[in-house]
Q: 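Can you read through this structure? Questions will come right after.
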2 protein chains.
Amino acid sequence: MTTTGYALLGLLALRPWTTYELAQQVRRSLSWFWPRTERKLYDEPKRLVAAGFATAREEFTGKRKRTVYEITDAGRAALRAWLGEPSAPPSMENEAMVRVFFADGGDVASLQVTLAAMADGARVRLAELEAMEGGEYPFPERRHITRLAMRLQQRQEQTMIDWATWASAEVARWDATTSPG
Amino acid sequence: MTTTGYALLGLLALRPWTTYELAQQVRRSLSWFWPRTERKLYDEPKRLVAAGFATAREEFTGKRKRTVYEITDAGRAALRAWLGEPSAPPSMENEAMVRVFFADGGDVASLQVTLAAMADGARVRLAELEAMEGGEYPFPERRHITRLAMRLQQRQEQTMIDWATWASAEVARWDATTSPG
DNA sequence: GGATGAATACTGCCGTTGGCAGTAAGTAGA
DNA sequence: TCTACTTACTGCCAACGGCAGTATTCATCC
């Protein structure tokens with residue numbers, strides 16, 4: 001069982017889902033701190049069933065089949081046990097920072113474009129988070145928990161904006177990427 | 001060419017390296033925002049050579065062979081072009097946050113342990129960053145750039161500590177993970 | 001001087017993941 | 001009825017992670 005498996009098990013603990021619904025839900029919530037491609041979300045529930053942590057049942061909309069997954073008691077127990085285990089350290093993948101880190105291989109203009117894009121991206125995501133906070137909650141009884149998670153994400157995006165703004169002002173004083181002027 | 005390829009090309013732009021040295025250098029710097037396993041770093045330079053962006057030469061320490069990679073002019077040009085291209089959005093993998101997000105499947109004690117571990121981990125990494133800042137620089141002429149990168153990392157770790165401290169205080173008021181009391 | 005352990009310098013193997021493309025049925029609106 | 005969008009997946013392959021294993025050299029201690 002991988003972390004992705006437990007993440008999906010966590011969603012199944014809330015209610016039964018079809019894989020398609022799971023994929024949508026992951027994109028709206030989990031993907032902020034556990035990003036996985038849609039493709040993976042169609043394989044993983046099958047493994048949960050194989051492990052006895054979920055059951056699958058087939059439903060039909062006309063001729064079109066869909067699979068609904070539901071958590072088992074063993075699944076709930078496994079999730080509970082997993083919640084008590086230590087976590088791997090977080091890991092950040094930031095392609096823009098690679099460009100910043102090797103900025104002396106290019107010119108100041110390129111670096112400024114990269115920094116501006118970082119700030120813009122963070123502003124867009126922050127706006128998205130604020131829209132989510134103001135919008136409807138699919139699980140109002142879990143609001144106290146989603147509030148915790150959302151807050152960290154907001155703070156991290158804000159940190160990114162603040163840093164990019166500061167960095168851009170610093171770089172504005174440079175003669176070239178190879179000399180701080 | 002992948003981002004990992006350009007990241008290594010960026011290091012080769014600084015000086016020639018053996019793969020082993022590259023691996024060490026990645027662990028100390030790049031892995032903060034572009035984490036890759038050591039294994040990958042032994043394959044990727046071969047692809048840089050195949051693309052004409054680097055050359056490989058074999059040296060010997062007694063009987064033991066080692067491969068030294070060096071950037072080519074084509075490699076420098078490719079790096080410069082890549083620095084001007086748009087970046088993929090950052091992505092964060094945070095297993096601990098998955099545990100926080102599904103905390104209502106377990107008890108308050110487990111959640112508090114997870115939050116404490118998050119803060120501790122961030123404090124350790126922050127101390128590491130501060131030690132790096134006070135230590136020696138392998139490339140003193142690049143200090144103005146590494147300073148930018150280091151600052152973002154420090155701010156992000158500090159954000160994590162602040163959030164975990166706040167979250168822990170919030171959770172301390174809860175009766176159970178399923179009710180905010 | 002010989003043993004021991006750490007550092008150097010990789011390769012092999014295999015399971016996981018990402019990303020793109022493709023298929024096919026149902027649904028809402030012009 | 002045509003079109004475009006949504007639902008509901010599967011196939012394929014390259015990239016990646018993680019562990020184990022091999023072999024040489026170097027530093028240290030007894």
Side-chain angles (χ1 to χ4, degrees), chain A residues 1-9 11 16-28 30-31 33-51 54 56-69 87-95 98, chain B residues 1-9 11 16-28 30-31 33-51 54 56-70 86-95 98:
Chain A
M1 280 288 292
T2 61
T3 302
T4 304
Y6 285 108
L8 292 178
L9 199 55
L11 283 175
W17 309 78
T18 68
T19 328
Y20 187 81
E21 287 171 331
L22 271 179
Q24 306 308 304
Q25 188 57 27
V26 164
R27 199 164 46 79
R28 281 192 296 133
L30 259 180
S31 73
F33 41 86
W34 197 256
R36 285 297 174 263
T37 52
E38 201 185 321
R39 184 67 188 82
K40 195 76 194 52
L41 311 177
Y42 281 93
D43 289 338
E44 200 62 30
K46 294 175 186 172
R47 293 156 57 89
L48 292 176
V49 171
R57 73 168 186 278
E58 293 184 348
E59 294 189 349
F60 282 86
T61 316
K63 281 183 185 177
R64 194 173 57 195
K65 195 173 68 174
R66 60 182 192 163
T67 314
V68 181
Y69 291 95
S87 304
S91 101
M92 175 79 162
E93 226 172 67
N94 196 341
E95 191 186 345
V98 180
Chain B
M1 279 288 292
T2 61
T3 302
T4 305
Y6 285 107
L8 293 179
L9 198 55
L11 283 175
W17 309 79
T18 69
T19 328
Y20 187 81
E21 286 170 331
L22 272 179
Q24 307 307 304
Q25 189 57 26
V26 165
R27 198 166 46 79
R28 281 191 296 132
L30 259 180
S31 72
F33 41 84
W34 199 256
R36 286 298 174 263
T37 51
E38 200 185 322
R39 185 65 188 82
K40 196 77 193 56
L41 311 177
Y42 280 94
D43 288 338
E44 200 62 30
K46 293 174 186 169
R47 292 155 57 88
L48 291 177
V49 172
R57 72 169 186 279
E58 291 184 349
E59 294 189 349
F60 282 86
T61 316
K63 281 183 187 177
R64 193 173 56 195
K65 195 171 70 175
R66 60 181 192 164
T67 313
V68 181
Y69 291 95
E70 197 158 353
S87 303
S91 101
M92 175 81 159
E93 225 172 68
N94 196 341
E95 192 186 344
V98 180

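In the text below, chain A, chain B and the rest are named by the order of the sequence lines, each starting its count at 1. Keep in mind it's a predicted model, so treat the numbers as computed, not measured.
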Q: Which residues pass the salt bridge (charged side-chain N to carboxylate O under 4.0 Å, His left out) test with B:E58, not counting sequence neighbours?
A: B:K65
Q: Taking side-chain contact (heavy atoms from CB on, under 4.5 Å) as the test, write out the residues that go with A:T61, two or more places apart.
A: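 A:R66.
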Q: So if I take the C1' atoms of five pairs at each end of the helix from C:dG1-D:dC30 to C:dA30-D:dT1 and get each local axis, what angle do the two axes make, rounded to 10 degrees?
A: 30°
Q: Can you check whether B:A88's main-chain N or O pairs, donor with acceptor, with A:E95's side chain at less than 3.5 Å?
A: yes
Q: Are B:N94 and A:M92 side-chain neighbours, meaning at least one heavy-atom pair lies under 4.5 Å?
A: no
Q: Is there a side-chain polar atom (N or O) of B:T61 under 4.0 Å from OP1 or OP2 of D:dT24?
A: no
Q: Just compare D:dC16, D:dC9, D:dG11 and give me whichever is closest to any side-chain atom of A:T67.
A: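 Nearest to the side-chain atoms of A:T67, counting from C-beta on, is D:dC9.
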Q: Can you give me the closest heavy-atom contact between A:Y69 and A:T19, atom names plus distance?
A: CE1-OG1, 3.4 Å
Q: What is the distance, rounded to the nearest whole Å, between atom CG of B:L30 and atom P of D:dC16?
A: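 Interatomic distance, CG of B:L30 to P of D:dC16: 13 Å.
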Q: Locate the shortest heavy-atom distance separating B:E44 from B:G5; write the atom from each residue and the value.
A: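 Looking at all heavy atoms of both residues, the closest pair is OE2-CA, 3.5 Å.
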Q: Taking only Lys NZ, Arg NE, NH1 and NH2, and the carboxylate oxygens of Asp or Glu, determine whether B:R47 and B:D43 approach each other closer than 4.0 Å.
A: no
Q: Could you pull out all residues at least two apart from A:Y20 that satisfy side-chain contact (heavy atoms from CB on, under 4.5 Å)?
A: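 A:Y20: side-chain contact (heavy atoms from CB on, under 4.5 Å) contacts with A:T18, A:Q24, A:Y42.
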Q: At under 4.0 Å between heavy atoms, what does B:P45 touch on the DNA or RNA strands: base, sugar-phosphate, or nothing?
A: nothing
Q: Is there a side-chain contact between A:Y20 and the phosphate of D:dA8, meaning an N or O under 4.0 Å from OP1 or OP2?
A: no
Q: Tell me, please, which residues at least two apart from B:K46 pass salt bridge (charged side-chain N to carboxylate O under 4.0 Å, His left out).
A: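 Here no residue qualifies.
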Q: First contact, last contact: which nucleotides of DNA chain C are these for chain B, 5' to 3', heavy-atom distance under 4.0 Å?
A: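 Terminal contacting nucleotides, 5' to 3': C:dA7 to C:dC13.
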Q: Side-chain N or O of B:K40 less than 4.0 angstrom from OP1 or OP2 on D:dC16?
A: yes
Q: Any base atoms under 4.0 Å from B:R39, or only sugar-phosphate, or nothing? Heavy atoms, all strands.
A: base
Q: Would you kindly compare B:W34 and A:T19 by the position of their nearest DNA chain D nucleotide and give the one closer to the 5′ end?
A: A:T19
